[in-house]
Amino acid sequence: MRLIYDLNLKDLEDYLVDKGLKPFRAKQIFKWLYEKNISSFSEMTDISKDLIATFNEDFYIDGLIIKDRQTSKDGTIKFLFELKDGNFVESVLMVFDYGFSACLSTQVGCNMGCTFCASGLLKKQRNLEPGEIVLQALTIQKVLNERNERLGNIVLMGTGEPFDNYDNVMKALSIINSPYGLAIGQRHISISTCGVVPMIKRFAKENVQYNLAISLHASNNELRSRLMPINNAYPLEVLFEALHEYVGSNNRRITFEYLLLRDINDSIEDARNIKKLLKGLDAYINLIPYNSVEENDYETSSDENALRFYDILKKLNVAVTLRQKRGTDIDAACGQLRAKAMKK
Ligand code: SAH
């Protein structure tokens, strides 16, 4: 049995042809799945009883249920989902002036071991299947349907390292992007990585326009290796060589995420080093307040230091934004809600 949402249109067409059926039915079925939001195959009234019976043998549709939800004063909603096998994943729905954005998870737990991150508190149990990533977005769209709103943006910044689950992530995004799926444009989809260089190189060769975001968080190897173990395998010079290759091959812009950690990476010198690192890249850097996590001692930078950091980069002509805090009154940091549910 497979999750029906694992299949892109081509997979479903191939499946139908294999059964001696006409491939055009695939679009009909996608309409039921992604537009009419059915919760059982028997709701597909224009599909034969025989095919529905075959579907019930080969596929399941209930891959994910809403287990818990927290709503923040700023409109952010954090979802805890339960998967078919009893594992939990989290997603976050955020409201921006440009529309609704969903932050999705790509793995159950994470093995990257970033010291500040709550996701890594629970080691990776398994990769998410493509359909389990798709279903996070689809379920959030269903919630938005009640308000007549549309999900416009996807960021893969929940639990997990997308480039440690490359094939499933790419398949999921192809379904989310498909006009027959969730029809979210490629430029409205961002993949965030801690810097898995071989996969950045592979991604550079893909003919896609998803945005690439890099979790930078430090501008020298000594500190970055302390915060992010991946830096031992792929230090800054190796990472940036790959990024130059990526930008060069596609003329694309890169987003850098930089957590502001109090007295750790928010000095004047840190800001100046960023300027040097980004030299020659079409890039912008997103400064992110740190969401405190019970299990560690990191704190977000003072407002004063955050603004000083921002001002220095601005003056150095680095394209920079200082992100607003969101969902701080709920457990919005990656992995917090799941970590809590697992403790119970
Ligand atoms: N593994 C990927 C994507 C998931 S993390 C990556 O590392 O990019 C998404 C972003 O949230 C990363 O930039 C990560 O460093 C950041 N992050 C982790 N814990 C956080 C916290 N407590 N507060 C704010 N951002 C956090």
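Treat the numbers as computed from the prediction; the structure is a model and nothing was measured. Note that ligands are numbered from 1 as they come in the structure, with each ligand's atoms numbered from 1 the same way.
Cation-pi check for Arg224 over Phe240 is not met; the charged atom does not lie both under 6.0 angstrom from the ring centroid and within 45 degrees of its normal.
Comparing Cys110, Ser190, Ala118, Gly158 by heavy-atom distance to atom 4 (C) of ligand 1, the nearest is Gly158. Summarising the contacts of atom 9 (C) of ligand 1 with Glu161, Met228, His217, Met157, the nearest heavy atom is found in Met157.
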Please output the side-chain donor-acceptor pairs of residues 22-30 that fall under 3.5 Å, not counting sequence neighbours, one pair per line with the distance.
residue	atom	partner	partner atom	Å
Arg25	NH1	Gln28	OE1	2.8
Gln28	NE2	Asp46	OD2	2.9

Atom pairs and distances, side-chain donor-acceptor, residues 130-141, under 3.5 Å, sequence neighbours left out:
residue	atom	partner	partner atom	Å
Glu132	OE1	Arg126	NH1	2.9
Glu132	OE1	Glu129	N	2.9
Glu132	OE2	Arg126	NH2	2.9
Gln136	OE1	Ser91	OG	2.8
Gln136	OE1	Ser105	N	2.9
Gln136	NE2	Ser105	O	2.9
Gln136	NE2	Glu132	O	3.3
Thr139	OG1	Leu135	O	2.6
Gln141	OE1	Leu151	N	2.8
Gln141	NE2	Asn145	OD1	2.9
Gln141	NE2	Glu149	O	3.0

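Across Thr159, Ile176, Leu128, a single residue satisfies side chain to side chain contact (heavy atoms under 4.5 Å, CB included) together with Leu104, and that is Ile176.
Counting heavy atoms closer than 4.0 Å to ligand 1, residue Leu259 contributes side-chain atoms (C-beta onward) but none from N, CA, C or O. At a 4.0 Å heavy-atom cut-off, ligand 1 touches Val293 through the side chain alone.
Each of the atoms 18 (C), 19 (N) of ligand 1 lies under 4.0 Å from some heavy atom of Cys117. Less than 4.0 angstrom separates some heavy atom of Cys194 from each of these atoms of ligand 1: 6 (C), 7 (O), 8 (O).
A salt bridge is defined here as a Lys NZ or Arg NE, NH1 or NH2 lying under 4.0 Å from an Asp or Glu carboxylate O, and Lys19 with Asp50 fails to meet this definition.
Distances shorter than 4.0 angstrom occur between a heavy atom of Gly160 and an atom of ligand 1.
By the 4.5 Å heavy-atom criterion applied to side chains, Ile175 and Leu182 are not counted as neighbours.
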